[in-house]
Amino acid sequence: MERLQKILAQAGVASRRKCEELILSGSVQVNGETVTTLGVKADPAEDSITVNGKPIKSESKLYLMLNKPKGVITSATDPKGRKVVGDYLPGIKERVYPVGRLDYDTEGLLLLTNDGEFANLLTHPKHHVPKTYLATVKGVPHGSLLDKLAKGIQLEDGMTAPAQVEYQDVDEEKKQAVITITIHEGRNRQVRRMFEAIGHPVTRLKRVRFGELGLLNLQRGKFRHLSPKEVQELLGLARKSHNVHKK
Ligand code: URA
C-alpha cells in the first residue's frame, strides 16, 4: 500500500504536490469513490485508480537529458504557438515533464521525466541540488562583485545562498565576460537577476551541469536517456544535499 499522491506521481500524472492538489480538488477516485483527503493509501496493483474518471497508467519510468536550445518554452504546450521542449523529443510517446525549468532564452541541460517522485526530490527547495551555468555578461565585472555574488546578494525575494563564481573568459575588446556560476537554489530567473543586481546583465545563459551530471558533448536540440547509474547518483545527491544543509 502506498499513499495515493505517491502512486499518482509515479504513474506520471504530475508532480507529487500537483497530485495532492488533484486529490484535494476531488479529481481522484479509488474503486469508484472520490477521495478528497491526503492520508489515503491504495495498492496500484489491486485498486482501480482514476483521475477525472480516467484510469492512471503504469508506465515505465523515463529519464531524459535535453540540450534545450534558446527560444524554446519549458512546458508541454504554449498558447502562443512557440516551440516547446516536447518538440525536441521525437519518438517519446510518454508524457514527460521538466525537472525544474529553464527560461525561454536560456539554453542547456534540462532533465525530463515521467517520474513525479524523482522530479519532486530534485526540485524541492530544501534539497539544494547544485546547478552550474555559463553566463555571458555585459562588461567585465570586478572580482569584488563576483565575491558579492559568491557570498550572497540581496534580491527582491531575499538573500541568495552562497554560490561558486569563477571567470571563464574575459574579452576586454568586446567588453564582455563569461562567468561560471553554481547555485544551489532554483528561484525564478535567479542567475539573470543576480548579475543584474551587480550591474552586469546576462546576454547569454547556458546550464552546463545539474548535480554531478554534465551536458558534455550532447548537441544543441538533442536528447539522450540517463543511465540507471546516473538516475541513482542524482537521487543520492538530492538526499545528501538535503542532509548537509539541515545541519
Ligand atoms: N537562472 C536564470 O536566470 N534563468 C534560468 O533559466 C535558470 C537559472
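Atoms within a ligand are numbered from 1 in the order they appear, just like the ligands themselves. When reading the values below, keep in mind they use all heavy atoms of this one structure, side chains included, and skip hydrogens, waters and symmetry mates.
- By the ring pair (Phe, Tyr, Trp, His ring centres under 6.0 Å) test, F118 pairs with Y63, sequence neighbours left out.
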Expected rows: ligand 1 N/O, protein N/O, dist below 3.5 Å:
from     : atom 1 : to   : atom 2 : distance (Å)
ligand 1 : 1 (N)  : V191 : N      : 3.2
ligand 1 : 3 (O)  : R189 : O      : 3.3
ligand 1 : 3 (O)  : Q190 : N      : 3.4
ligand 1 : 3 (O)  : V191 : N      : 3.3
ligand 1 : 3 (O)  : R192 : N      : 3.0
ligand 1 : 4 (N)  : D103 : OD2    : 2.7
ligand 1 : 6 (O)  : D103 : N      : 2.8
ligand 1 : 6 (O)  : D103 : OD2    : 3.4
ligand 1 : 6 (O)  : T106 : OG1    : 3.0

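- No more than 12 heavy atoms of other residues, nucleotides or ligands shown are found within 6.0 angstrom of CZ on R220.
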Solution key, residues 134-156 side-chain donor-acceptor pairs under 3.5 Å, sequence neighbours excluded:
from : atom 1 : to   : atom 2 : distance (Å)
H142 : ND1    : S144 : N      : 3.0
H142 : ND1    : S144 : OG     : 2.9

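- One distance of note links CE of M1 with NZ of K6; it measures 13.5 Å at 0.5 Å rounding.
- Of the charged side-chain nitrogens involved, none lies within less than 4.0 Å of a carboxylate oxygen, so that R192 and E196 do not count as a salt-bridged pair.
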Return a table of donor-acceptor pairs under 3.5 angstrom between the side chains of residues 65-72 and protein atoms on other chains or two or more places apart.
from : atom 1 : to   : atom 2 : distance (Å)
N67  : ND2    : L218 : O      : 2.9
K68  : NZ     : V72  : O      : 2.8
K68  : NZ     : D103 : O      : 3.2
K68  : NZ     : Y104 : O      : 3.2
K68  : NZ     : T106 : O      : 2.8

